[in-house]
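Every value quoted in this text rests on a predicted model; they were computed, and no experiment measured them. Sequential numbering from 1 along the given sequence is applied to the chain's residues. Atoms within each ligand, like the ligands themselves, are counted from 1 in listed order.
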Amino acid sequence: MNHDLEDIAIVGGGLAAIRTAQGLRGLGFGGRIHMYSDESEPPYDRPPLSKDFLTGALDTGGLHLLNPKALATLNLDIHLDSEVVALDPGGRRLTLADGTTVPYGRLVVATGAQARRLPGLAPSPRIHYLRTVDDARALRTALANASRITVVGTGFIGLEVASSIRHLGLEVDVVAADEGPMIGIVGRRLSRWLTDLHTAHGVRLTNSVVVSSVEESATDVSVTLGDGTSRSSDLVVVGVGVSRELQWLREAGLEVDRGLVCDADGRTSDPFVFGVGDIVCLHTGAEHEDLQHWTAAIDSARRTAHALLGIEHSHDPSDGFFWTEQHGRRLQFVGTGKVDAETDVLSGSIEEGKFVAHLRSGSTVTGVFASNSPREFLEARRAFQKQTAASTAG
Ligand SMILES: Cc1cc2nc3c(=O)[nH]c(=O)nc-3n(C[C@H](O)[C@H](O)[C@H](O)COP(=O)(O)OP(=O)(O)OC[C@H]3O[C@@H](n4cnc5c(N)ncnc54)[C@H](O)[C@@H]3O)c2cc1C
């Protein structure tokens, strides 16, 4: 097969992949775009998987990022169930899991991340992770026959799953090694507020404990913790962060760190290879930064589409924004998280669960957090962006 610079291959079929393709078409790119995804589902949105999809309020059709007509308009060559296993940057070829090789002119790596596994835990119908729609379907089915669930992890996935489980009227224990829920992002004070929020909704939360073993019997699964106690339940859901599959990129000679090392416009160490979304580890001068959130994936896709076509742009890199929904509250955050952040309430009241707060380290505002205050958050976010831009310029 011939390949020329007009052909763009995108590996991955998630949010960053489809937004890159949309960006390219929006900028007038008329060449061929091949998209290789190892999933069977056309591009879909992941945030609802732990929220409305899990509670049954949304079905698979409602997850798709584009309807069939809009997808067809993009004129993409979408190859589903097509895992890419190797990359030959010199010959500009990809190898698929079935052994076929395919050429590319330029390549976009949009392979996202995978749910991190708990070490030593064998796969089982009673142990669940949540990253893909298949994971979510399996969990939803299992929940229909369960009454007690143990969730491991108090990051936003674990907390959202716990919230959805309570919404379904089931019992849930959440255990985590961290000192408090989302503590590395929101700091101690707001983490305590999150503990109170979950407790008030019937979640039994235990932090600062490690899982020492998980044992299954014919009827249940028992999680034993480092403090000697154990939690017995029908199912375990593990939400302990993500890892990224980097081996094939490393073997191809690309620079990798915690992720695929890219500049803010998605350029990698190979001039014909770009990275977008959760796979990216942003190289910002002396530091490598991870931005694994929905809005960051969109921002990186937009910037990379311009870079692929050599078009100047004025889009700022992502500001670290993300949102989460727990017990009917919309929680929004922007900035850099810190365990020991001080909290200054800007509006509303923490006790009433409707507020906007600055997170501060000494005299520096490092982030903004809001609960059920989208309008006020927007204002505070703008001010925070201005302050960050001014301090970077200065
Ligand atoms: C349950 C859940 C809830 C979330 N909720 C929120 C939220 O509330 N707010 C927020 O800001 N963010 C949220 N996120 C994060 C957000 O969804 C991600 O940041 C976003 O999906 C990243 O998009 P991506 O395209 O980079 O990666 P992904 O969405 O992971 O897509 C990558 C795709 O590439 C495929 N792939 C991987 N390797 C290969 C290969 N070798 N060959 C072919 N295909 C491959 C994968 O199967 C996948 O389809 C949530 C994530 C999950 C899992």
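Put simply, part of Phe156 is less than 4.0 Å from ligand 1, judged by heavy atoms. For the pair Glu245 and ligand 1, no heavy-atom separation below 4.0 Å is found. Judged by the shortest distance from any of its heavy atoms, Ser82 lies inside the 4.0 Å radius around the atoms of ligand 1.
For atom 20 (C) of ligand 1, the closest heavy atom belonging to the protein is Asp278 OD2, 4.0 Å. Nearest to atom 31 (O) of ligand 1 among the protein's heavy atoms is Arg46 NH2, 3.4 Å. Remark: minimum distance from atom 42 (N) of ligand 1 to any protein heavy atom is reached at Val84 N, 3.0 Å. The nearest heavy-atom contact from the protein to atom 37 (C) of ligand 1 is Thr111 O, 3.2 Å. Ranking protein heavy atoms by distance to atom 23 (O) of ligand 1, first place goes to Leu15 CB, 3.8 Å. Distance from atom 46 (C) of ligand 1 to its nearest protein heavy atom, with residue and atom name: Asp38 OD1, 3.4 Å. The protein non-hydrogen atom at the shortest distance from atom 2 (C) of ligand 1 is Ile157 CD1, 3.2 Å. With hydrogens left out, the protein atom closest to atom 11 (O) of ligand 1 is Trp294 N, 3.2 Å, a heavy atom.
Using a 4.0 Å cut-off between a side-chain N of Lys or Arg and a carboxylate O of Asp or Glu, Asp270 and Arg92 do not qualify as a salt bridge. Salt-bridge check for Arg204 with Asp173: passed, with a basic side-chain N closer than 4.0 Å to an acidic carboxylate O. Electrostatic pairing of Glu245 and Arg131 does not count as a salt bridge here, judged by no charged N lying under 4.0 Å from a carboxylate O. The residues Arg148 and Glu171 are annotated as not salt-bridged, no charged nitrogen and carboxylate oxygen being separated by less than 4.0 angstrom.
Heavy-atom contacts of Phe322 reach the following atoms of ligand 1: 11 (O) (cutoff under 4.0 Å). Using a 4.0 Å cut-off to heavy atoms of Gly14, the atoms of ligand 1 that qualify are 25 (O), 31 (O), 33 (C). The ligand atoms of ligand 1 that sit less than 4.0 angstrom from a heavy atom of Gln292 are 19 (O). Close approach of ligand 1 to Glu160 (heavy-atom distance below 4.0 Å) involves ligand atoms 8 (O). Short contacts between ligand 1 and Gly12, defined as distances under 4.0 Å to a heavy atom of the residue, involve ligand atoms 34 (O), 35 (C), 44 (N). Close contacts of ligand 1 with Lys51, meaning ligand atoms under 4.0 Å from a residue heavy atom, involve 5 (N), 6 (C), 7 (C), 8 (O). Remark: ligand 1 atoms within the under-4.0 Å shell around heavy atoms of Ser37 are 43 (C), 44 (N). Close approach of ligand 1 to Tyr36 is summarised as follows: ligand atoms under 4.0 Å from at least one heavy atom of the residue are 43 (C), 44 (N).
Looking at ligand 1, you'll find an N or O of Glu39 within less than 3.5 Å of one of its N or O atoms. In terms of polar-atom proximity, Thr295 is not counted as a contact of ligand 1, lacking any N or O under 3.5 Å from an N or O of the ligand. For ligand 1, the polar-atom distance check against Trp323 finds a nitrogen or oxygen pair separated by under 3.5 Å.
Every residue was checked against the side chain to side chain donor-acceptor pair (under 3.5 Å) condition with His128, not counting sequence neighbours, and none meets it.
Of all the heavy atoms of Ile279, none lies under 4.0 Å from any atom of ligand 1, so neither backbone nor side chain is involved. Residue Ala136 does not touch ligand 1, judged by heavy-atom distances below 4.0 Å. Neither the backbone nor the side chain of Ala115 has any atom closer than 4.0 Å to an atom of ligand 1 (non-hydrogen atoms only).
A cation-pi contact, defined as under 6.0 Å to the ring centre and within 45° of the axis, is absent between Arg106 and Phe274.
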Practice task
Decide side-chain hydrogen bond (donor to acceptor under 3.5 Å, both in side chains) for Arg250 and Gln247; before the verdict, give the C-alpha distance in whole Å, the side-chain angles of both, and the deciding distance to 0.1 Å.
Solution key: CA-CA 5 Å; Arg250 191 179 287 116; Gln247 191 60 17; 3.0 Å; yes
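Hydrophobic clustering places Leu66 together with Ile33 (ILVMFWY residues linked when any side-chain heavy atoms are closer than 4.5 Å, directly or through intermediates). One hydrophobic cluster, built from ILVMFWY side chains closer than 4.5 Å, holds both Val172 and Phe53.
With a 4.5 Å cut-off between side-chain heavy atoms of Ile, Leu, Val, Met, Phe, Trp and Tyr, the cluster of Val339 takes in Ile183.
When only modelled atom types and interatomic distance are considered, Arg382 and Gln385 share no side-chain donor-acceptor pair under 3.5 Å. A donor-acceptor pair shorter than 3.5 Å can be found between the side chains of Asn207 and Thr154.
If you look at Phe355 and Trp193, their ring centroids are closer than 6.0 Å.
Side-chain N or O atoms of Asn372 include one that pairs as donor or acceptor with a backbone N or O of Arg330 at under 3.5 Å.
Each of Val84, Val108, Ile279, Leu87 was evaluated against Val11; a single residue qualifies, Val84, per the side chain to side chain contact (heavy atoms under 4.5 Å, CB included) test.
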